[in-house]
Amino acid sequence: MAQAAGPFFPRQTVYNFGGGYSPTAFYGYRGIYGGGYYGGGYPGYYGGYYNDGSSLIRAQGQAKVDQSKAMVNYQEATSKYIDNQKKLAETYVERQKAKREAIHQQAEIDKELAQQKQDAIEAQKEKNLKLQESGLSPYYNASTSQDQETLNASQLNPATGEISWPEALMGPEYAESRNKLQELYSLKNSTGITSSLSREIQEEALNMKNILRGQIKTMLPNDYLAARGFIEGLINMGKTSRTG
């Protein structure tokens with residue numbers, strides 16, 4: 001047995017056993033190959049690098065699956081948002097359309113009512129003219145007396161003196177008299193009635209009555225009688241002493 005440097009294993013000891021090299025030459029190079037081909041094997045074949053690589057591949061695959069699901073969820077949410085915005089826009093358009101139609105319908109109704117009122121006024125004017133030509137007054141109300149006209153609590157608040165005016169007396173031509181009479185009745189409510197205050201109420205009410213009389217030909221009889229009765233009620237409620 002002799003030592004020799006093998007041709008493929010420099011600086012290694014090779015033993016010749018009579019025609020062959022010792023196994024050390026083939027299986028003893030543990031410094032580089034980790035114990036030979038069968039002693040430990042290359043790392044990764046059995047529980048080594050290759051197993052770790054499989055886990056990495058599975059993780060990458062799962063990440064792609066999760067990313068795909070996230071994209072699907074995002075697309076579904078985006079689609080729902082777009083649908084909701086579309087429905088909101090459609091609802092807004094429908095509401096605006098319904099609003100315009102309602103305004104148009106109300107305008108037509110108001111126009112028709114105004115025309116009916118005007119027709120009634122014209123018809124009443126003609127009727128009043130005929131009555132006047134016959135010597136009768138269409139505005140004479142024999143069932144009531146001016147001295148007995150009073151106002152109820154909804155027309156004249158006894159606690160505050162606030163006056164609730166009828167529609168026939170709400171025109172701008174009555175504004176000055178309305179403000180003056182409201183001021184006098186508020187003063188009456190706080191201080192009590194006096195002869196001077198009663199006289200002022202009567203004078204201002206008569207001014208309002210004169211304005212009303214000037215509109216007699218353009219008013220319906222019931223509206224005129226109601227307005228005249230309201231003014232007469234203010235006069236009577238402002239007197240220092242009343243009967244009835």
Side-chain angles (χ1 to χ4, degrees), residues 103 106-244:
I103 292 174
Q106 187 61 48
E108 291 296 323
I109 292 173
D110 293 342
K111 182 179 178 180
E112 180 64 24
L113 291 175
Q115 185 61 50
Q116 291 177 3
K117 185 176 181 180
Q118 186 61 35
D119 292 343
I121 291 174
E122 294 298 328
Q124 190 61 48
K125 283 182 180 180
E126 184 177 353
K127 183 179 179 180
N128 294 345
L129 181 60
K130 291 180 180 180
L131 288 172
Q132 289 173 356
E133 290 175 351
S134 66
L136 298 176
S137 173
Y139 298 100
Y140 176 69
N141 188 354
S143 64
T144 61
S145 172
Q146 296 183 14
D147 293 335
Q148 295 179 356
E149 288 285 357
T150 58
L151 302 180
N152 58 41
S154 64
Q155 296 172 314
L156 177 62
N157 191 320
T160 63
E162 182 179 359
I163 303 172
S164 297
W165 298 96
E167 183 179 355
L169 297 176
M170 287 300 295
E173 64 274 20
Y174 299 105
E176 185 176 350
S177 293
R178 284 199 310 268
N179 294 335
K180 181 63 175 179
L181 285 168
Q182 182 60 76
E183 180 183 346
L184 293 172
Y185 265 94
S186 297
L187 182 61
K188 172 182 176 294
N189 184 74
S190 61
T191 64
I193 191 64
T194 64
S195 58
S196 175
L197 185 58
S198 177
R199 185 170 57 255
E200 289 186 65
I201 290 175
Q202 183 176 2
E203 290 175 355
E204 194 58 48
L206 289 174
N207 288 336
M208 179 176 276
K209 194 172 182 180
N210 288 332
I211 297 173
L212 177 66
R213 188 175 293 112
Q215 298 179 326
I216 190 170
K217 294 182 179 181
T218 60
M219 295 182 66
L220 296 175
N222 288 341
D223 292 342
Y224 175 83
L225 292 173
R228 189 190 70 178
F230 191 92
I231 296 173
E232 291 167 354
L234 287 174
I235 294 173
N236 294 330
M237 299 292 284
K239 291 181 178 179
T240 54
S241 62
R242 293 185 293 108
T243 60

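From M237, atom CE reaches atom CG of L151 across 5.5 Å, with rounding to the nearest 0.5 Å. One distance of note links CG of L206 with CD1 of I201; it measures 12.0 Å at 0.5 Å rounding.
A side-chain hydrogen bond (donor to acceptor under 3.5 Å, both in side chains) check over residues 190-202, counting only residues at least two apart or in different chains, returns nothing. Within the structure, every pair that satisfies the side-chain hydrogen bond (donor to acceptor under 3.5 Å, both in side chains) test and touches residues 106-115, not counting sequence neighbours, is listed here: Q106-D110, E112-Q116, Q115-D119.
At a cut-off of 3.5 Å, with distance as the only test, a side-chain donor of E204 or S177 sits close to an acceptor on the other residue.
Looking at E183, its side chain never comes within 3.5 Å of a backbone N or O of R178 through a donor-acceptor pair. Between the side chain of S164 and the backbone N or O of S154, at least one donor-acceptor pair lies under 3.5 Å. Looking at Y185, its side chain does come within 3.5 Å of a backbone N or O of L234 through a donor-acceptor pair. Formation of a donor-acceptor pair under 3.5 Å by the N236 side chain with backbone atoms of T150 is not found in this model. Without hydrogens or angle criteria, N179 side chain to A175 main chain gives a donor-acceptor distance under 3.5 Å.
Contact record, I193 with K188: CD1-CD, 3.9 Å, taken as the closest heavy-atom pair. Closest non-hydrogen pair, L212 versus I231, comes out as CD2-CD1, 4.1 Å.
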Review item, side-chain donor-acceptor pairs of residues 165-174, under 3.5 Å, at least two apart:
from: E173; atom 1: OE2; to: Q215; atom 2: NE2; distance (Å): 2.6
from: Y174; atom 1: OH; to: Q215; atom 2: OE1; distance (Å): 2.5

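Between R228 and E232 there is a salt bridge, since at least one side-chain N of the basic residue sits less than 4.0 Å from a carboxylate O of the acidic one.
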